[in-house]
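The structure appears below as structure tokens.
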Amino acid sequence: MIKISNITKSFGSLQVLKGIDFHIGKGEVVSIVGPSGAGKTTLLQIIGTLDKPDTGSVYVDGIDTTTLSQKALADFRNKHLGFVFQFHQLLPEFTAIENIMIPAYIAGTSQKAAKERAKELLQFMGLTDRANHKPNELSGGEKQRVAVARALVNNPAVILADEPSGSLDSKNKEELHQLFFDLRDKYGQTFVIVTHDETLAAITDRTIHMRDGLLEPDTIESIGPIDPIKKLTEPLITPLNHD
């Protein structure tokens with residue numbers, strides 16, 4: 001689903017990414033963690049076609065995005081990728097359902113089809129009764145669920161999230177984290193999540209650790225989707241030392 005090969009990126013004399021290689025399988029929920037300045041957000045932006053690497057290739061859903069023209073890139077981003085940000089980035093003048101429909105309009109979807117899809121997502125999020133509320137009438141958790149629905153409206157192959165629960169309280173964090181897995185199970189999306197939240201990282205299928213623009217080698221290999229509830233409830237087993 002996502003294949004990254006020899007990605008480097010510098011800003012002036014500062015090299016932020018120093019040769020990144022990894023693969024993420026279809027339907028995986030993967031977290032990327034590391035200290036501030038490790039290059040996590042830069043890597044996410046490159047996967048999301050919001051920035052271009054200096055070297056290397058980025059395959060998403062079978063397409064090398066580094067070879068696309070700006071027009072083709074914008075179309076690819078709209079139809080194949082969904083974005084969730086820390087502070088939801090909803091447009092304040094539009095209602096919840098209107099915010100969700102915007103990417104569908106950009107993709108050329110009819111108003112009827114866009115509205116039906118938005119209603120489906122609102123129902124899945126438990127927000128049907130909030131459809132006509134503007135962002136200032138929604139709680140923090142509700143705003144973020146609307147933002148997730150907006151990311152999903154075009155049924156993209158990949159959802160990219162940058163600190164998606166960073167502005168939420170504990171209850172809403174837990175609900176949002178479970179929502180990612182529920183959505184993966186229902187719609188089949190791949191999730192790539194940059195986070196400092198250890199609870200979220202602990203339940204993802206795989207946690208990739210970054211430090212100083214590189215990935216820690218033992219966290220790169222794909223293991224495929226797992227059951228997050230099972231992962232949380234599995235006992236920790238320490239192997240016996242026979243030496």
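We number each residue from 1, following the sequence as shown. Remember, predicted model here, so these are calculated numbers, not experimental data.
- Once rounded to the nearest 0.5 Å, the distance linking CD1 of I97 with NE2 of H133 reads 13.0 Å.
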Report, one line per pair, each donor and acceptor closer than 3.5 Å where one atom sits in a side chain of residues 87-95; sequence neighbours left out.
residue	atom	partner	partner atom	Å
H88	ND1	L90	N	3.2
T95	OG1	E98	N	3.3
T95	OG1	E98	OE1	3.3

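- Qualifying side chain to side chain donor-acceptor pair (under 3.5 Å) partners for K115, counting only residues two or more places apart in sequence or in other chains: none.
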- Show your reasoning for whether side chain to side chain donor-acceptor pair (under 3.5 Å) applies to T8 and T55. CA-CA 5 Å; T8 65; T55 66; 2.5 Å; yes
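- Not one N or O on the side chain of K9 forms a donor-acceptor pair closer than 3.5 Å with the backbone of Q15.
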Could you give the side-chain donor-acceptor pairs of residues 33-46 under 3.5 Å, partners two or more places apart or in another chain?
residue	atom	partner	partner atom	Å
K40	NZ	G34	O	3.0
K40	NZ	P35	O	3.1
T41	OG1	D162	OD2	3.4

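- The list of salt bridge (charged side-chain N to carboxylate O under 4.0 Å, His left out) pairs with a residue in residues 149-159, not counting sequence neighbours, is empty.
- Side-chain contact annotation: D169 with N172, donor-acceptor N/O pair under 3.5 Å present.
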Pair up each side-chain donor or acceptor in residues 102-109 with any protein partner under 3.5 Å, not counting sequence neighbours, and list the distances.
residue	atom	partner	partner atom	Å
T109	OG1	A104	O	3.2

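- For residues 57-66, the side-chain hydrogen bond (donor to acceptor under 3.5 Å, both in side chains) pairs, not counting sequence neighbours, are D61-H80, D64-T66.
- The CZ atom of R117 sits 4.0 Å away from the CG atom of L121 when rounded to the nearest 0.5 Å.
- Aromatic rings of F191 and F181 (six-membered ring for Trp) have centroids beyond the 6.0 Å cut-off, not under it.
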- Message: Applying salt bridge (Lys or Arg N to Asp or Glu O under 4.0 Å) to K112 and E116, what does each step give before you reach the verdict?
- Response: CA-CA 6 Å; K112 181 180 178 182; E116 286 304 310; over 6 Å; no
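- Side-chain atoms of Q189 come within 3.5 Å of backbone atoms of P156 as a donor-acceptor pair (strictly under, hydrogens ignored).
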